[in-house]
Structures are given as C-alpha cells and as structure tokens.
Amino acid sequence: MTIKAKFIDKILNDIILSLKKLGADETSPVYEIPPSKEMGDIAFPMFKYAKTLKQNPALIAEKVKEGLKGNELMDKIEIKGPYLNIFFNKNLIAYDLLKDILDKKDDFGRQPDKKIKVAIEFSSPNTNKPLHLGHCRNNALGDSIAKILIFNGYETVKINLINDRGIHICKSMIAYKKFGNNTTPEKEGKKSDHLVGDFYVKYAQEEKNNPEIEKEALELLNLWEQNDRETHELWVKMNKWALDGIKETYKRMGIEFDQLEYESDNYLLGKDLINEGLNKNIFYKEEDGSIWVNNEDAGLDKKVLLRSDGTSVYITQDIGTAAKRHDKYNFNRMIYIVGSEQIYHFKTLFTILKKMGFDWADKCIHLSYGMVNLPSGKMKSREGTVVDADNLMDLLYDMSMEVLNEKGRDLTEQEKKETAVKISLSALKYYLLNFSTVKDVMFIPEKSISFDGNTGPYLQYTTARLNSLFNKSEDAGVLNNQSVFNHKFNEDEANLVISLLEFEDAVIKAGETLSPLEICSYLYDLARTFNKFYHDNPVIRAETKEIKNIRLLLSKASLIILMNGLKLLGIDDLKKM
RNA sequence: GGCCCUGUAGCUCAGUGGAUAGAGCAGAAGUUUCCUAAACUUUUGGUCGGACGUUCGACUCGUCUCAGGGUCACCA
C-alpha cells in the first residue's frame, strides 16, 4: 500500500462515518485531486448524494464537514460549493514519506512481487536495413514498459524476434549479387547494416526500371527454402552484417533483450497446429488444397493459413511461435509491441488462437503504437525518406556537444563526451515516450528535439543541480522527527511534499496502462515543482539549521525519485552538466 | 465500401464524466555580485472538428457527420 493510500484510508473512514450520520449508505466515496493546489490535496464531490439525501450538494458538503471529528491528518477542511476539500497535514505526511524514500532509496516506489510472468516482444527488426526512427520509438517503449512492469512487481521476459528471412531479405541479396562486386563493409568503410540497407534501396530503384527483378528475388527465396548452398552462404553473410550493425545500435541506445528469436528458426512452426485444427474442423480446406479459417463470426474475414502448396504464411508462424513461447515461458501475459498497422493482424491471430482452444489467448495483448511521421509525410524505407537511427543519434550527439561546449561546467573532455551521449539519448527517448502510445508522432527534425522545457535534458539538468548541491553540502540532512514535525512548511515546500507523494501512484498507473507517458508527465511535474522550490528557497544558506535540514531532506528525496523515475524511462541521470 | 485509430492554443502535445480546459515551443516583458539561467517569474493566445442526444453535469459517453491516417494479400 502506498503512503498516500494509507493516509487517504484513514481520512476516508471519517468521511464515511460522517456521511452515514446523514443517512447516506457509503462504503467507498469517490475522491479526486483538485485542479489546483490552492484548493487542497484531496477533494470529495458530493453530487451523488444529492439524489438519495434529497439535498443540495453544497449543503451536504457543509454537513459532512460538521460531522467530521478532529483528525490530525487533516490540516484544513474547506467547502467550495459541492466539494469537500481537504488539506493534508504536511508534517505527518512528510515524516512518513521522507523516511520511506530515504530508507528505500532506489527501491522506493517498487511494488511487491506479483508472481505474474509477462513476455514482451518488441523491436523485431528486419535484417535488410538499419534501424530507423520508428524502431527507436518501439525500442524506447518496449524497454521502458519492461522496466515499469518489473518495478511494479512483474517478472518479464524481453523477446526480440529477428525477421531474418523472407522476400525482403532476398531483395537486398539480389541487389548485392547484381551490383555488389563482392564488396564488404570494411572495403566501403561503412557500418555493416547500412551497407545492407543501401542494397535494399538499390533494389527498389532497380525495380522501377526493371520490374522483372522481382521474379529473381522470388527465385532466390525458393533457392533459400531449398537450402541452396550458395544462397545460404550469401544470406548468412549479409544477415550477419545487418544484425551486427543493428546490435551496435541497440547497444548505443541502451536496449537489451533476454531472448533473441530468429524467424529462420520459427518459420516452419505452426504447420502441425494448423493440420491439427483441420482435423478438429476448426479450419477448412479449399478445393485447391489451401487451408483457411473463417473468422466472420468474430467480425473479421476469412484468412488463409496454409497455401495450396502447403507452405506457411506470416500468421502461420505467429501461431506456432505463440504456442512455443507459452510452452517455454508459461507466461501469464504476452505483450506484442508492434505498430498500429498490424492491429487487424493481431486481432486475427488472437481469434485463431482462441478457436484452437488455447485458454491463454485472452492473455495476449497487442500494444499498438502510432507511426512516426515527418512533415513531408510517412517514412518509407524504399524511398529513402526515413530518419536513420544512427544518423539521428549522431546529430543529437553533436547538438549536445555544442551546448556543452557553451555551457558545460567543469567537465573533462572524456566527461564531456560521456555526458553528450547521455543527453542526446535522453532527448530522443523522452521525446518519443512523451506521447500517448496510440497517437502518431510528428517528428520535425529541427524543432522536435530541443533541450529546453519539457524534455529529457531538463530532467537531467535537475538531477545535475541536485547532485551539485550535495557536493557542496557537507551533510545530506538527517531525518529527525522533531524537526519535521515542528517545521512550518511554506507553499513551495508543501507543493514538493505533495509531488513526492504522487510518485508511487504514477508508477502503479504507468504499469496498469502500460504507459511511460505517465512517468514522463509525473517527472516533469516533479522537476518543475523542485526547480521552483530551489529557485526561491535557499537550501544550504537557509535561515536556520532546522530549515536547512528539512530542505536538504526534501532535495534528497527529490533526487532519489527523479533517478528512480528516469531509470524507468531508460534515461541516465547526470552528476554534472 | 467495411472495420479501426486520430481531430484540444500559431506549432507539438497532455487532460477520458465533474470546480475557471493545461504544458512545452514560438511571441511579449522581467529575474543572475545568490546552492548549475539547459533555470525561474509574468503575459498574449482555445466556439476542445461539427450537429444532435444521454446526464444534475460532457473535451471525456452514444448516434450521425466532416477531415486526416491505418487496414481489409496464398507480403511481412
């Protein structure tokens, strides 16, 4: 139970008692956070009792207030029309809260072990081109959601399904065979995945003039499926280039996985299950021998599961892969983090799994996210209108370095480089996470990534100021109940206490809604509240020793929570900036 | 055409039944002999795409409608 929930619980009892005196049978009154902090810390709207009590809600609020006996947790009770607004006793909250934060440190906010296992599939790149901005969003989301779930007490398995076979791979291979002259990344001085991507673009260009080339790609795919030696050697070579480069990008972004699955290992999975389903009459066979499922009862269409030649389609291996994963991990939930263009596909997949009698089908979720668009429109890898992940990180690094050279304090060259890396990544990740997942992201290169305002670097800046503060202060504050209880919290301090109190709720809500945005919004609010406090209230040079102590404690708690929150976003805090 | 998603300030976005709809950027005006000015303060700017309905109460729910996007492959 969170600190806040404990407090509210104790207040709730009094409200319930008071309501009962008036004749309202209430066991769990609704409450909300008032729109502004001047109105109080928690509010009870009285609208719903107007009907049963046949009284004006404002009057009911008055009466409920009268019926409340003194409770030390409540500092002040105000009636604003139909609302009963309560101000918490900041001293009591602050003591419990600060004690908990300082005791638990990086575990503050962590929820108890839920004994629930969640498999998360994300990233899932194709090995025919480098990662682009869309993958960055996927990676940032998957990484952050996994961290949020772990912090919420779930056990997670992060899975990356590498799409290393299929016609798209053969297209890069054909272009290499035709125009590659046996070149290598070393010869070209190119990052290996970029070289593979160049051939994919080359193929697309060639296809415009010479549509016949597609036949060659298909032939190559056939050769690959027949285990043709030469084809496999090329495939292995180019896949390694692509994957090595992609792995480098993951490393640079700080993205890690527990399991790598390869489509080339999985693509034959599912066939047996389809035939099994055919025997059970869940599926049916067309005259040409192809096997179908009719999902019209679920509001979907018919869908082919095995081609007339007996080969499998995309969804066939997804069925097999899902079943294999369930056998292997025995997950309680599986989350697919895949773009919104595949919403229909996953609806179909889950419907089929359910028809096949897998009771765990209901535990699979497609967490779809919107596309990343450019002002010029949609990103298209074939047309070369993509924002490449490596190039983008380079650009952001250079921008960070420029600002650091201008403003950075007291940093060695080495520290500057490390700091620029951290700043550039925080700008990118925070930008991509600070959107509702369902929404498309509009990416305007010159404008989107800034280091001012509601950004990752702003949060890092706040941690750098805090770290600097503790470097300059000989002690970090001692939690002494007398000093906390006797302290008269001013507005900035009180706001900070309330903001600190909200962290646990933000963590829980982010976990329930699979939404890193929840953490972003919370951290930004906390950082703003802290910066305002820090701007207007001297800490080291506070008027008295007691006040200094309280403010150091509040600052320490702020730093701990900022660090914990940033970790959930996959962002590093900074000691200096 | 069917289904799904989105439409909130000049721009980019929060806000999903409640109190005057919030941020950032951009624009205007301020704050550094002071713990990091990548900060802080003040300020300009909105018929929440439109219409009707449900409700004591709607940006939030329902129906219709307009606009943009996605999807409806024996591609992945």
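Order of the sequence lines sets the chain letters (A, B, ...), proteins ahead of strands, with each chain counted from 1. Just so you know, these numbers use all the heavy atoms, side chains as well, and skip hydrogens, waters and symmetry mates.
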Which comes earlier along RNA chain B counting from the 5' end, the contact point of A:Pro538 or that of A:Ser312, where each point is its nearest nucleotide?
A:Pro538

Contact class for A:Ile167 (heavy atom, under 4.0 Å): base, sugar-phosphate, or nothing?
sugar-phosphate

Minimum-distance nucleotide to A:His535 side chain [options: B:C40, B:U71, B:C4]
B:C40

Those residues of residues 462-470 of chain A lying under 4.0 Å from RNA chain B by at least one heavy atom
A:Ala464, A:Arg465, A:Ser468, A:Leu469

Using a 4.0 Å heavy-atom cut-off across all strands, classify A:Ser450 as base, sugar-phosphate, or nothing.
nothing

Please answer whether the main-chain N or O of A:Ala527 pairs with a side-chain N or O of A:Asn531 as donor and acceptor at a distance below 3.5 Å.
yes

Hey, are A:Thr348 and A:Asn295 close enough side-chain-wise for a donor-acceptor pair under 3.5 Å?
no

Identify, with sequence neighbours excluded, every residue that meets side chain to side chain contact (heavy atoms under 4.5 Å, CB included) alongside A:Glu287.
none

By salt bridge (Lys or Arg N to Asp or Glu O under 4.0 Å), A:Glu214 pairs with (sequence neighbours left out) none

For residues 38-65 of chain A, which residue pairs qualify under ring pair (Phe, Tyr, Trp, His ring centres under 6.0 Å), counting only residues two or more places apart or in two chains?
A:Phe47-A:Tyr83

Side-chain heavy-atom pair A:Asp318, A:Ile352 within 4.5 angstrom cut-off
no

A:Ser290 side-chain proximity, nearest of B:U71, B:A76, B:C74
B:C74

Could you tell me whether A:Lys509 and A:Asp505 have a side-chain N and a carboxylate O separated by less than 4.0 Å?
no

List in chain and number order the residues that pass salt bridge (Lys or Arg N to Asp or Glu O under 4.0 Å) with A:Lys417, two or more places apart in sequence or in another chain; answer none if no residue qualifies.
none

Sequence neighbours left out, what passes side chain to side chain contact (heavy atoms under 4.5 Å, CB included) with A:Lys422? Give chain and number order.
A:Gln460, A:Asp572, A:Leu574

Please determine whether side-chain hydrogen bond (donor to acceptor under 3.5 Å, both in side chains) holds for the pair A:Asn128 and A:Lys171, giving the CA-CA distance in whole Å, both sets of side-chain angles, and the decisive distance to 0.1 Å.
CA-CA 8 Å; A:Asn128 63 338; A:Lys171 288 176 178 178; over 6 Å; no

Any residue in residues 122-142 of chain A with a heavy atom nearer than 4.0 angstrom to RNA chain B? Just list them by number, or reply none.
none

Do A:Asp164 and A:Thr127 meet the criterion of a side-chain donor-acceptor pair at a distance under 3.5 Å?
no

Contacting residues from residues 291-306 of chain A, given that a heavy atom lies under 4.0 angstrom of RNA chain B:
A:Trp292, A:Asp301, A:Val304

Side-chain donor-acceptor pair under 3.5 Å between A:His168 and A:Asn163, yes or no?
no

Enter syn or anti for the glycosidic conformation of B:U43, syn applying to angles within 90° of 0.
anti

Of all the choices, B:U31, B:A23, B:C35, which nucleotide is nearest to the side chain of A:Tyr524 once you look at every atom?
B:A23

Is any side-chain nitrogen or oxygen of A:Tyr458 closer than 4.0 Å to OP1 or OP2 of B:C40?
yes

So, A:Thr529 versus A:Asn495: side-chain donor-acceptor pair below 3.5 Å or not?
no

Heavy atoms only, 4.0 Å cut-off, all strands: where does A:Val403 land among base, sugar-phosphate and nothing?
base

Please figure out whether A:Arg307 or A:Asn454 has its closest RNA chain B nucleotide nearer the 5' end.
A:Asn454

What's the gap between B:G27 and B:C61 when it is taken at their P atoms, as a whole Å value?
36 Å

Taking everything shown except A:Tyr314 itself, do over 12 heavy atoms lie less than 6.0 Å from its OH?
yes

What pairs meet the salt bridge (Lys or Arg N to Asp or Glu O under 4.0 Å) rule with one or both residues in residues 293-310 of chain A, with sequence neighbours excluded?
A:Asp297-A:Lys355

In dot-bracket, 5' to 3', how would RNA chain B read with Watson-Crick or G-U wobble pairs under 3.5 Å, [ ] for crossing ones and | for pairs to another strand?
(((((((..((((....[...)))).(((((.......))))).....(((((..]....))))))))))))....

Between B:C5 and B:U41 - P atom distance, rounded Å
39 Å

Work out how far the C1' atom of B:A26 is from that of B:C34, and round it to whole angstrom.
31 Å

Base-contact (B) and sugar-phosphate-only (S) positions in nucleotides 5-14 of chain B, heavy-atom cut-off under 4.0 Å, - elsewhere
-SS----SSS

What distance, rounded to whole Å, do you find between the two P atoms, one in B:G7 and one in B:U12?
13 Å

B:C48 and B:U60: how far apart are their P atoms, nearest whole angstrom?
10 Å

Report the C-alpha separation of A:Lys324 and A:Glu261 in whole Å, then their side-chain angles, then the decisive distance to 0.1 Å, and conclude whether the salt bridge (charged side-chain N to carboxylate O under 4.0 Å, His left out) test is met.
CA-CA 11 Å; A:Lys324 184 178 162 190; A:Glu261 290 177 358; over 6 Å; no

Is it true that, when you exclude A:Lys354 itself, more than 12 heavy atoms of the residues, nucleotides or ligands shown sit nearer than 6.0 Å to its NZ?
no

So, A:Arg137 side chain and A:Gly370 main chain: donor-acceptor pair closer than 3.5 Å or not?
yes

Are there any protein N/O atoms within less than 3.5 Å of an N/O atom in nucleotides 16-20 of chain B, and if so, which ones and at what distance?
unit_1 : atom_1 : unit_2  : atom_2 : d
B:G18  : O2'    : A:Tyr83 : OH     : 2.2
B:A19  : N1     : A:Asn85 : OD1    : 3.2
B:A19  : N1     : A:Asn85 : ND2    : 3.1

Using the C1' atom as the point on both nucleotides, what is the distance between B:C52 and B:C13, in whole Å?
30 Å

Determine the Euclidean distance between corresponding P atoms of B:C25 and B:C40; express it in Å to zero decimal places.
9 Å

Would A:Tyr461 and A:Tyr458 count as a close aromatic pair, with their ring centres under 6.0 Å?
no

Between B:G15 and B:G46, how far apart are the C1' atoms? Round to whole Å, please.
14 Å

Looking for any heavy atom pair under 4.0 Å, which part of the strands does A:Glu263 touch: base, sugar-phosphate only, or nothing?
sugar-phosphate

Would you say a side-chain N or O of A:Tyr344 is under 4.0 Å from OP1 or OP2 of B:A73?
no

Checking A:Asn139 against A:Lys429: is there a side-chain donor and acceptor pair closer than 3.5 Å?
no

